[in-house]
Amino acid sequence: MSSLLYYALPALSSYVMLSIFFLRRPRLLHTPWVSAFCPRLGAHRGGSGERLENTMEAMENAVAQRADLLELDCQLTRDGVVVVSHDKSLSRQSGVNRDVGSLDFEELPLYKEELEVYFSPGERVGCQRRAEPAGVGSQPQPPALFSPLGPTPSPRACSPPPQQSFSDPSSHNPSGHFAHGSDRHMVRLEDVFRSFPRMPISVEVKEQNEELIRKIAGLVRHYERDEITIWASEKSSVMKKCKAANPEMPTAFTISRGFWVLLLYYLGLLPFISIPERFLISFLPTIINRWYFGALMKSQILKWPSAWGPPAS
């Protein structure tokens with residue numbers, strides 16, 4: 001046993017020192033990759049925190065507020081049009097119990113007049129403002145990084161959210177954050193490329209729809225956006241097909257690849273592994289803490305008073 005430790009401990013110490021050394025100096029082992037853009041402010045779902053998600057109005061508003069990346073999700077209609085839509089089903093977005101793929105593009109319904117925006121409890125945004133004197137409220141505010149959060153309008157501009165009673169847990173809305181807008185039309189990805197020719201865009205594909213992937217890749221090539229359009233997907237199997245359809249486009253980490261890199265880091269192997277992904281798109285830690293853990297705590301708080309029953313008269 002002592003002879004094993006005699007050789008193992010120096011070897012392990014050398015490995016740890018080498019790992020730390022190359023982790024701090026990655027260019028000694030890997031050729032640095034120069035990105036065509038470096039996004040700092042991303043508009044989630046095209047800027048869903050202030051206008052109706054994935055509409056042209058939301059994207060124009062996000063760009064006006066200095067967002068330098070549009071994060072979009074795409075679906076395919078029955079007649080083969082690539083549209084910008086987060087959900088496969090139209091139920092949440094439009095109140096129609098149909099899938100995007102079951103309708104032609106011209107048959108797609110309008111978005112609802114207001115859409116709930118997750119990760120931001122207790123606010124309403126994007127309401128029609130009253131007329132204000134010139135110069136009042138004209139300073140743009142940046143949207144949040146890879147999240148739907150954005151500037152909040154003044155209290156007098158929007159109707160307050162309904163009052164909720166702790167004695168009625170069924171009335172609790174874990175978000176309470178709604179976006180409004182005058183534009184309620186779903187848009188084609190091609191129209192987005194035309195309207196924002198040099199704007200970096202992340203295109204997320206949620207399912208293994210080879211026709212959708214092929215058409216997105218073709219549109220990116222047609223509009224010469226290979227360097228500024230990111231493939232994004234949660235699933236590695238979908239990402240594999242995306243990379244095969246257009247390998248010139250940079251890719252973002254999938255969920256499994258993100259955990260794999262994290263494992264390599266803790267094992268000390270990360271400095272010795274080449275990473276093909278160029279972008280990591282994730283919710284901010286504050287969003288995760290506030291939404292997932294905050295909503296859980298609120299739901300428990302709301303349940304307790306109802307269990308106590310009405311106050312004694």
Side-chain angles (χ1 to χ4, degrees), residues 39 42-48 51-60 62-63 67 69-94 96 98-111 115 146 148 183-197 199-255 278-279 281:
H44 184 247
R45 300 188 194 178
S48 62
R51 301 293 184 268
L52 294 178
E53 65 184 57
N54 293 323
T55 59
M56 196 65 72
E57 180 186 29
M59 299 177 206
E60 291 171 350
V63 172
L69 175 78
L70 298 177
E71 188 276 333
L72 308 176
D73 308 87
C74 290
Q75 307 287 342
L76 193 67
T77 63
R78 183 173 58 189
D79 54 345
V81 177
V82 180
V83 294
V84 180
S85 173
H86 180 270
D87 298 353
K88 178 181 179 180
S89 171
L90 294 165
S91 178
R92 178 189 64 86
Q93 301 171 160
S94 302
V96 178
R98 298 283 296 273
D99 288 346
V100 174
S102 67
L103 298 173
D104 292 344
F105 176 71
E106 298 297 334
E107 299 173 339
L108 292 175
L110 298 175
Y111 282 116
L115 287 176
F146 296 114
D183 182 6
R184 297 169 56 196
H185 294 86
M186 297 181 68
V187 299
R188 302 183 304 170
L189 181 63
E190 184 172 8
D191 293 332
V192 177
F193 286 171
R194 287 176 176 173
S195 299
F196 309 100
M199 182 70 173
I201 295 176
S202 169
V203 179
E204 181 173 352
V205 181
K206 298 184 178 299
E207 298 182 348
Q208 295 194 46
N209 187 328
E210 295 190 10
E211 183 182 1
L212 172 62
I213 294 172
R214 178 175 52 81
K215 290 199 171 187
I216 293 174
L219 286 171
V220 171
R221 287 195 182 97
H222 178 75
Y223 288 96
E224 299 180 350
R225 297 182 47 90
D226 301 79
E227 293 186 348
I228 59 173
T229 307
I230 305 170
W231 280 125
S233 181
E234 294 182 351
K235 303 175 181 177
S236 295
S237 58
V238 175
M239 182 61 72
K240 183 178 180 180
K241 294 182 180 297
C242 292
K243 290 167 63 177
N246 190 337
E248 301 301 320
M249 293 169 56
T251 59
F253 280 94
T254 62
I255 293 178
R278 304 304 181 192
F279 296 93
I281 302 176

Going by side-chain hydrogen bond (donor to acceptor under 3.5 Å, both in side chains), name the residues that satisfy it together with [X], two or more places apart in sequence or in a different chain.
X: Glu107; value: Arg78
X: Lys206; value: Asp73, Glu204
X: Arg188; value: Asp191
X: Ser233; value: none

I need the Ile230 CD1 to Cys242 SG distance, nearest 0.5 Å. 13.0 Å

Apply side chain to side chain contact (heavy atoms under 4.5 Å, CB included) to Pro197 and list each qualifying residue two or more places apart in sequence or on a separate chain. none

Return the set of residues passing side chain to side chain contact (heavy atoms under 4.5 Å, CB included) with Met249 (not counting sequence neighbours), or none when no residue passes. Val220, Thr229, Trp231, Asn246

Report the residues that fulfil ring-ring contact (aromatic ring centres under 6.0 Å, His included) with Phe279, sequence neighbours left out, ordered by chain and then residue number. Phe37

Between Leu76 and Val82, is there a side-chain heavy-atom distance shorter than 4.5 Å? yes

Decide yes or no for Val100 and Leu90: does some side-chain heavy atom of the first lie under 4.5 Å from some side-chain heavy atom of the second? yes

Where at least one partner belongs to residues 233-247, residue pairs that pass salt bridge (charged side-chain N to carboxylate O under 4.0 Å, His left out), sequence neighbours excluded: Glu210-Lys241

Taking only residues at least two apart or on different chains, which pairs with a member in residues 217-231 satisfy salt bridge (charged side-chain N to carboxylate O under 4.0 Å, His left out)? none

Taking salt bridge (charged side-chain N to carboxylate O under 4.0 Å, His left out) as the definition, give me every residue that meets it alongside [X], ordered by chain and number, with sequence neighbours left out.
X: Glu207; value: Lys88
X: Asp87; value: Arg92
X: Glu248; value: none

Looking at every non-hydrogen atom in both residues, tell me the closest pair between Tyr223 and Arg194 and how far apart they are. OH-NE, 2.8 Å

